[in-house]
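Take a look at the structure below.
Below, read A as the first sequence line, B as the second, and so on, with proteins coming before strands; counting in each chain starts at 1.
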Amino acid sequence: DTAVSQTPKYLVTQMGNDKSIKCEQNLGHDTMYWYKQDSKKFLKIMFSYNNKELIINETVPNRFSPKSPDKAHLNLHINSLELGDSAVYFCASSQEGFGRAYTFGSGTRLTVV
Amino acid sequence: QKEVEQDPGPLSVPEGAIVSLNCTYSNSAFQYFMWYRQYSRKGPELLMYTYSSGNKEDGRFTAQVDKSSKYISLFIRDSQPSDSATYLCAMSPIGADGLTFGKGTHLIIQP
């Protein structure tokens, strides 16, 4: 059973479209995240959600919006897609405690054309 | 200066060699230090996790943290072709939810 699952794995779309990426974790973790990995493999945090409360929002354009229907899900909505949004988006989860060890999903490769 | 510096490589070594991977950082508040391994087109997976300074060993992997020098290392003994991947260091202060990652080092183990 996959611990953190993302759908879709691949997403090709045109500029200006709106798209969503879904994420689910079955680990019982209390916090979920979205990270963006650019073409140079650099991972940077976008959002963090704990008990449906946004904790971190790292200078991400407001075209990006996380939606958490419940503790096990954190979806990412992107409006008016731009070429520069092309990247791999990773969902992750962690449990509060002695530091935080993330479990990552396998990623969604977004290509905007 | 970036918060976390990591040589992107590629680093190519023969099978069986000892591999040394390193990161330097500038934020003295970092207390938790992790190493992730990422295979091509996969998500990062946690390899090692350490708190503050010191060493930690797990099988063929040893993580070292030197907070005085703001320098962390990952050693891989008896390297195998299956160790070929990108290795990412990550760190965070106490109480923070987000991790700051290095850019990753691409490691190639030659059979």
Taking side chain as everything from C-beta outward and backbone as N, CA, C, O, which of these in B:Leu88 sits under 4.5 Å from a heavy atom of chain A? Side chain, backbone, both or neither. side chain
Which atoms of B:Lys42 are under 4.5 Å from chain A, going by heavy atoms: the side chain, the backbone, both sets, or neither? backbone
Taking A:Tyr33 for its side chain and B:Leu99 for its backbone only, find out whether a donor-acceptor pair lies under 3.5 Å. no
NZ of B:Lys103 to NZ of A:Lys44, rounded to nearest 0.5 Å, is 10.5 Å
Which atoms of B:Gln6 are under 4.5 Å from chain A, going by heavy atoms: the side chain, the backbone, both sets, or neither? neither
Taking B:Tyr39 as the starting point, is it possible to reach B:Leu107 by hopping between hydrophobic residues whose side chains are less than 4.5 Å apart? no
Relative to chain B, which segment of A:Ile45 carries a heavy atom at a distance below 4.5 Å: side chain, backbone, both, or neither? side chain
Using non-hydrogen atoms and a 4.5 Å limit, figure out which bit of A:Tyr89 sits close to chain B: side chain, backbone, both or neither. neither
Does B:Tyr87 share a hydrophobic cluster with B:Phe33, counting links as ILVMFWY side-chain heavy atoms below 4.5 Å and allowing steps through other members? yes
Can you see which heavy atom on A:Phe42 is nearest to which on B:Phe101, and at what distance? CE1-O, 3.3 Å
Taking B:Gly104, B:Pro44, B:Gly98 one by one, which has the highest count of heavy-atom pairs under 4.5 Å against chain A? B:Pro44
Answer yes if A:Leu83 and A:Leu11 sit in the same cluster of Ile, Leu, Val, Met, Phe, Trp and Tyr residues linked by side chain heavy atoms under 4.5 Å apart, and no otherwise. yes
Check for a donor-acceptor pair, side chain of A:Tyr102 on one end and backbone N or O of B:Leu46 on the other, with a separation under 3.5 Å. no
Find out if a path of hydrophobic residues (ILVMFWY) with successive side-chain heavy-atom gaps under 4.5 Å connects B:Phe75 to B:Ile72. no
Are A:Trp34 and A:Leu43 connected in the hydrophobic side-chain network, where two residues link if heavy atoms are under 4.5 Å apart? no
CZ (B:Arg41) and NZ (A:Lys9) are apart, to the nearest 0.5 Å, by 9.5 Å
Using a 6.0 Å cut-off, check whether atom NZ of A:Lys22 has over 12 heavy atoms from anything other than its own residue. no
CG (A:Asn62) with more than 12 external heavy atoms under 6.0 Å: no
Chain B contact via A:Tyr35 - which portion, at a heavy-atom distance below 4.5 Å: side chain
